[in-house]
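In each ligand, atom 1 is the first atom listed, and ligand 1 is the first ligand listed. The figures here come from the full heavy-atom set of this structure, side chains too, leaving out hydrogens, waters and symmetry mates. The model shown is predicted, which means the values in this text are computed figures rather than measured ones.
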Amino acid sequence: MCLFCKIVSRQIPSDIVLETDDVLAFKDVKPMAPVHVLVIPKRHLGSLHDSVPGDAALLGHMLIAAREVADKLGLGASGYRVVFNIGQDAGQSVLHLHLHVLGGRAMAWPPG
Ligand code: 5GP
Ligand code: ZN
């Protein structure tokens with residue numbers, strides 16, 4: 001069982017911000033911004049690159065959850081960034097699909 005699957009099953013504790021039938025959102029243990037939340041599907045998927053057309057609804061749920069997290073944590077007016085890191089060159093370190101929700105400060109572009 002992977003690290004994030006253990007967070008889903010509560011074998012590893014996390015600071016949960018939002019939970020639905022399909023997704024879990026929790027604070028990143030090493031925040032890169034004042035708000036840094038990870039939105040993950042409860043069902044294991046390695047990365048966006050492992051997704052198939054049948055995962056479209058699940059991916060949509062993740063994006064709606066990201067929006068709800070941003071609202072809940074007061075980012076609606078100031079803005080925020082959502083990021084998928086996919087594979088080695090993007091620096092993906094946990095091989096369970098996750099969406100970063102980052103906010104609370106101005107973001108640089110392009111990302112490093
Ligand atoms: P990636 O680099 O794969 O895109 O992002 C993985 C993220 O998971 C990192 O930002 C890292 O800080 C976070 N992370 C790694 N292990 C844990 C953990 O045990 N708990 C929480 N809440 N976040 C974690
Ligand atoms: Zn997993």
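The distance from ligand 1 to the heavy atoms of F4 drops below 4.0 Å at these ligand atoms: 8 (O). Of all atoms in ligand 1, numbered sequentially from 1 with element shown, those under 4.0 Å from a heavy atom of F26 are 21 (C), 22 (N). Atoms of ligand 1 lying under 4.0 Å from any heavy atom of Q92, numbered from 1 in the order shown and given with element: 3 (O). The ligand atoms of ligand 1 that sit less than 4.0 angstrom from a heavy atom of K30 are 12 (O). The contact set between ligand 1 and N85, taken as ligand atoms under 4.0 Å from a residue heavy atom, comprises 4 (O).
Contact between I7 and ligand 1 is present, with at least one heavy atom of the residue lying under 4.0 Å from the ligand. Distances from ligand 1 to the non-hydrogen atoms of H100 include at least one value under 4.0 Å.
Between S14 and ligand 1, no pair of N/O atoms sits closer than 3.5 Å. Ligand 1 has an N or O atom lying under 3.5 Å from an N or O atom of V94, backbone or side chain. Checked by distance only, ligand 1 and H98 come closer than 3.5 Å through their nitrogen or oxygen atoms. Between G91 and ligand 1, a contact under 3.5 Å exists for at least one N or O pair.
The existence of a salt bridge linking E19 and R10 is confirmed by a sub-4.0 Å separation between a basic side-chain nitrogen and an acidic carboxylate oxygen.
Among protein heavy atoms, atom 22 (N) of ligand 1 sits closest to K27 O, 2.9 Å. With respect to atom 16 (N) of ligand 1, the closest heavy atom belonging to the protein is L3 CD2, 3.3 Å. At the shortest separation from atom 2 (O) of ligand 1 among protein heavy atoms lies S93 OG, 3.0 Å. When only non-hydrogen protein atoms are considered, atom 7 (C) of ligand 1 lies nearest to D28 OD2, 3.4 Å.
Neither the backbone nor the side chain of F84 comes within contact range of ligand 1; no heavy atom lies under 4.0 Å. Contacts between V29 and ligand 1 below 4.0 angstrom, taking non-hydrogen atoms only, involve backbone and side chain alike. Looking at D15 against ligand 1, nothing comes within 4.0 Å, counting heavy atoms.
At least one side-chain heavy atom of D71 sits less than 4.5 Å from a side-chain heavy atom of R67. At least one side-chain heavy atom of V83 sits under 4.5 Å from a side-chain heavy atom of L102. Side-chain contact between Y80 and V101 is present, with heavy atoms from C-beta onward closer than 4.5 Å. Contact annotation: the side chain of R43 approaches that of L58 to within less than 4.5 Å [non-hydrogen atoms, C-beta and beyond].
Rounding to the nearest 0.5 Å places CG of N85 at 6.0 Å from NE2 of H98. Taken to the nearest 0.5 Å, the CD1 atom of I12 stands 9.5 Å off from the CZ atom of F26. Rounded to the nearest 0.5 angstrom, F4 CZ and S9 OG are separated by 13.0 Å. Atom CZ of residue R81 and atom CZ of residue R105 lie 8.0 Å apart, to the nearest 0.5 angstrom. Atom-to-atom distance recorded for H44:NE2 and M1:CE is 11.0 Å, nearest 0.5 angstrom.
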Decide side chain to side chain contact (heavy atoms under 4.5 Å, CB included) for L97 and L59; before the verdict, give the C-alpha distance in whole Å, the side-chain angles of both, and the deciding distance to 0.1 Å.
-> CA-CA 10 Å; L97 177 63; L59 295 170; 3.8 Å; yes

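H100 and H36 have tilted rings, their planes meeting at an angle from 30° to 60° on a 0 to 90° scale.
A donor-acceptor pair under 3.5 Å links the side-chain atoms of Q92 to the main chain of G87, judged by distance alone.
Distances from the Zn ion (ligand 2) under 2.8 Å pick out these protein N/O/S atoms: C2 SG, C5 SG, H44 ND1, H96 ND1.
Counting non-hydrogen atoms of neighbouring residues, nucleotides and ligands closer than 6.0 angstrom, the NZ atom of K42 exceeds 12 such neighbours. Within a 6.0 Å radius of CD in Q88, other residues, nucleotides and ligands contribute 12 heavy atoms or fewer.
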